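Keep in mind it's a predicted model, so treat the numbers as computed, not measured. What's counted below: heavy atoms across the whole structure, side chains too, no hydrogens, waters or symmetry copies. Each chain gets a letter, A, B and so on, in the order its sequence line appears, and its residues count up from 1.
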There are 2 protein chains.
Amino acid sequence: MKTSKQSILRLFQYRDFLIRLKNINTVNVFSDNLAKDIGTTSIQVRKDFSLFRLSGNKKAGYKVSNLLKQLDELLGKNKKQKVVIVGAGNIGKALMQYDGFYKEGLEIAALFDYDRRKYNHKNNPPVLPIEDLFKFVSSNNVKIGIIAVPCKAAQQVLDLMISAGIKGAMNFAPIPLKSPKNFYINNINLRVELESVVYYTQM
Amino acid sequence: MKTSKQSILRLFQYRDFLIRLKNINTVNVFSDNLAKDIGTTSIQVRKDFSLFRLSGNKKAGYKVSNLLKQLDELLGKNKKQKVVIVGAGNIGKALMQYDGFYKEGLEIAALFDYDRRKYNHKNNPPVLPIEDLFKFVSSNNVKIGIIAVPCKAAQQVLDLMISAGIKGAMNFAPIPLKSPKNFYINNINLRVELESVVYYTQM
DNA sequence: TAGATTGTTAATCGATTAACAATC
DNA sequence: TAGATTGTTAATCGATTAACAATC
């Protein structure tokens, strides 16, 4: 109960806003400013902070740099994290080039694919054959994977990741995958997300 | 209360599974099968169905084709929906080529971009100049948009969409956007999603 | 019938919101 | 001081889970 999934997600969003504030040299911020930005209420903001023992000053709000430092610590943003992507198709490439991963401590260490024509050892990050995944992951101590392959290959890729020592994954294949309890998987089903937009606009 | 966001999302997932079942000619399905597939409980499945007046047969479960037909009706899957994408970068192109949109009644009618070099009227869907968005959307009666542009252009694109008559959007720009109350916006922040995977694997 | 399954009502759980005391 | 803000405790709300009746 103490730490809910949703408040963690909001902490990341607050952090985003704080970074923007810091860039324009803002020193203080009120819970109400934070709330407005991410589209919630100031009560929710203070509640979230309360859960994680983040405190400000009555009347003066929160110090941007101080709060940011605490959030970085709390969210483990001080360590660099290596990530591998399996599937060098459109989604894989989009993520490879996604701005802002790197400065957030997320390093796309390599892409992997089944298709030989896509291999490119010289690229940064390199595009490697799927056979190299196991060795790469274990020798580079990678803990995070992204699955961007077609449905029929997804479970196989996940199993390979797990056996290689990966502990959490983001999955774009629109099919539920089986994983052990201690493995964290974040399913992103873009089709369902789009379908739900359609549904809500029709109501 | 009657219709919760989460149960709607699950209805789409049940539907996915039912389509797969239909393809392998399965006739009947139990709530427990549905639950296993999407990773929930049979109680939840029956509760969801109960909310939407979907019923089966005691002992015999649900008829796949019948249930599918009812879900299609409920979720408005019988009408084709046109969608426009603004931003012909990696994410835009990934979505353009995303398998399965079309057969789900989602038609990517056109992409729009600010960059002249990306224009391609001959492509299917065509890649058009952003100046054409307003006219295209209103004359084709498009109700759904996808925002796949950098942060600094996102709000401007959304405003343009709204003025052209779009009613709901999926937004990939990692920044909160302002929209009127009757406009539905689904924010997909891939960086935050990935960061949360990192967070949970570290615990 | 006995066993298995649906479907609804009630109970629980968790997250959000409200109320308000503390204090700068 | 008065006004504005934080931070915690209590109340509400919504979603999930449990219990159980109905019935094939």
Round to a whole Å and report the spacing from [atom1] of [X] to [atom2] of [N].
| X | N | atom1 | atom2 | answer |
| --- | --- | --- | --- | --- |
| A:K5 | D:dG14 | NZ | P | 22 Å |
| B:F49 | C:dT8 | CZ | P | 13 Å |
| A:N33 | D:dA4 | CG | P | 15 Å |
| B:K63 | C:dT5 | NZ | P | 15 Å |
| B:F52 | D:dA15 | CZ | C1' | 13 Å |
| A:N28 | D:dT6 | CG | C1' | 14 Å |

(message) For a quick check of understanding: with a heavy-atom distance under 4.0 Å over all strands, which category does B:S42 fall into, base, sugar-phosphate or nothing?
(response) nothing
Check whether the side chains of [X] and [Y] place a donor and an acceptor atom closer than 3.5 Å, and report yes or no.
| X | Y | result |
| --- | --- | --- |
| B:K143 | B:N141 | yes |
| B:Q155 | B:D159 | yes |
| B:Y14 | B:D37 | no |

(request) For B:K80, look at atom NZ and say whether over 12 heavy atoms of other residues, nucleotides or ligands are found less than 6.0 Å away. (result) yes
(request) Return one dot-bracket line describing DNA chain D 5' to 3' (Watson-Crick or G-U wobble pairs, both distances under 3.5 Å; ( ) same strand, [ ] crossing, | another strand, . none). (result) ..||||||||||||||||||||||
(message) B:I147 and side-chain contact (heavy atoms from CB on, under 4.5 Å): which single residue from B:I188, B:L158, B:I91, B:V86 fits?
(response) B:L158
(request) Only one of B:Q81, B:K77, B:K79 passes side-chain contact (heavy atoms from CB on, under 4.5 Å) with A:V198; say which it is. (result) B:Q81
(message) How would you summarise protein contacts on nucleotides 16-24 of chain C per nucleotide, using B for base, S for sugar-phosphate only and - for none, with heavy-atom distances below 4.0 Å?
(response) BBB---BBB
(request) List for me each residue that meets side-chain hydrogen bond (donor to acceptor under 3.5 Å, both in side chains) alongside B:K47, sequence neighbours excluded, and say none if there are none. (result) none
(request) Determine, using ring centers only, whether B:F136 and B:F112 are less than 6.0 Å apart. (result) yes
(request) Answer yes when A:E73 and A:K69 have at least one side-chain N-carboxylate O distance shorter than 4.0 Å, and no when they do not. (result) no
(request) Kindly point out which of D:dT5, C:dG7, C:dT5 is positioned nearest to the side chain of B:Y62? (result) C:dG7
